[in-house]
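Working notes for the structure below.
The residues of the chain are indexed from 1 along the displayed sequence.
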Amino acid sequence: MSDITVLGEQKCFEGLQGVYSHASAACGVDMRFALFQPPQALDGEKVPVVTYLSGLTCTEENVTVKAAAQRWAAELGLLLVCPDTSPRGPEVADDEAYDVGTGAGFSVDATEPPWSRHYRMYSYVSEDLAGTVADNFPADTARQGIFGHSMGGHGALTLHLRNPEVYRSVSAFAPIAAPMQCPWGEKALTAYLGADREAWRDYDTCELVRRRPSQAKLFIDQGAADDFLETQLKPDLLAEACEAAGQHFELRLQPGYDHSYFFIQTFMEDHLRHHAGVLGA
């Protein structure tokens, strides 16, 4: 079993909401994650695992306290895993800007210094975190899903498309759908992967869909009043790529909703029910 440190645990909807830390081989530092065990798991049942990736500037705390997810995870019997968005610590490279560095791991394995030493969030989520959850909690690892918000929505979609046999269900709130074609994505991918745009294609949902569409449905909610809709998120480009590649998807444009957790908590039940339906919870 991999070692974890319990930072806090509270009873919640007859389940258990915890926050933990563990050593990450990928990132080379201790990483934090929040994890909700539904009552079925506390009774000894192995339950499906759904991993949530947060957006820029977030930690594991944002979704844990703002998304109202535990109620539905408890009802549906889902183990809900919410990692931090990047490595942190005095030895970890950072930047004064909010959209690269700490809080902006972008779910990539960086190859450019100084980021390459610690910023390996793709491997962290898919290997270190997944292994730690499997070793320490009643997780049915044959039934896994992944979702996220904004930068984390981008990460969820790319992790699914690169590992469809692992992450059988996928959804996203307001994902950065075409990072090769937006300022956030171009800045982060240049910093972490270098100037060669060919290296970026493994982390762009549109490119991955064109290369190898999955058998799953990409379930996406987008607020129509989101300030970042046209400049950064570009869901229309993802819809075009899905239609061209024959990728099954559902894109719901939600009138009046913005980019905030008020939007996320409104539709969280729909997303968790989507995952439960696919995973047989």
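Checked against side-chain contact (heavy atoms from CB on, under 4.5 Å), L229 has the following partners two or more places apart in sequence or in another chain: Q222, D226, P235. Not counting sequence neighbours, the partners of Y52 by the ring pair (Phe, Tyr, Trp, His ring centres under 6.0 Å) test are F147. Partners of E240 according to the side-chain contact (heavy atoms from CB on, under 4.5 Å) rule, which considers only residues two or more places apart in sequence or in another chain, are L237. Contacts of K217 classified as salt bridge (charged side-chain N to carboxylate O under 4.0 Å, His left out), with partners at least two apart in sequence or in another chain: E250. Residues forming a side-chain contact (heavy atoms from CB on, under 4.5 Å) with R201 (at least two apart in sequence, or on another chain): M180, E198, E207, R211.
Of the possible donor and acceptor atoms, none in the side chain of Y257 sits under 3.5 Å from a partner among the backbone N and O of F262. No donor-acceptor pair under 3.5 Å is formed between the side chain of H149 and the backbone N or O of G55. Side chain of Y119 to backbone of V92: no donor-acceptor contact under 3.5 angstrom is found. Using a distance-only test at 3.5 Å, with no hydrogens or angles considered, no donor-acceptor pair links the side chain of R32 to the main chain of V19. The main-chain N or O of G155 is never found under 3.5 Å from a side-chain atom of Y203 such that the two would form a donor-acceptor pair. Side-chain atoms of W115 do not come within 3.5 Å of backbone N or O of G105 as any donor-acceptor pair.
In this structure, R252 pairs ionically with D221, as a charged nitrogen and a carboxylate oxygen lie closer than 4.0 Å. One finds no salt bridge joining D270 and R273 here, because no Lys/Arg side-chain nitrogen approaches an Asp/Glu carboxylate oxygen to under 4.0 Å. Ionic pairing of R197 and E186 is present here: one or more N-O contacts between side-chain nitrogen and carboxylate oxygen are shorter than 4.0 angstrom. Ion pairing between E75 and R71 fails under the 4.0 Å rule for side-chain N and carboxylate O.
Taking the ring centroids of W184 and F228, they lie under the 6.0 Å cut-off.
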Show which side-chain atoms of residues 167-179 pair as donor or acceptor with protein atoms under 3.5 Å away, not counting sequence neighbours.
unit_1, atom_1, unit_2, atom_2, d
R168, NH1, A142, O, 3.0
S169, OG, H275, ND1, 2.7
S171, OG, H271, ND1, 2.9
S171, OG, H275, NE2, 2.9

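In summary, the side chains of T205 and H154 do not present any donor paired with an acceptor at a separation below 3.5 Å, with no hydrogens or angles considered. Using modelled atom types and a 3.5 Å distance limit, the side chains of Y20 and E9 yield a donor-acceptor pair. A donor and an acceptor atom, one from each side chain of D128 and S24, are located under 3.5 Å apart. For the residue pair H259/S150, the side-chain donor-acceptor check at 3.5 Å is satisfied. In this structure, a donor-acceptor pair under 3.5 Å is absent between the side chains of N62 and S54.
Ring geometry, H274 versus F219: the interplanar angle falls from 30° to 60°, so the pair is classed tilted.
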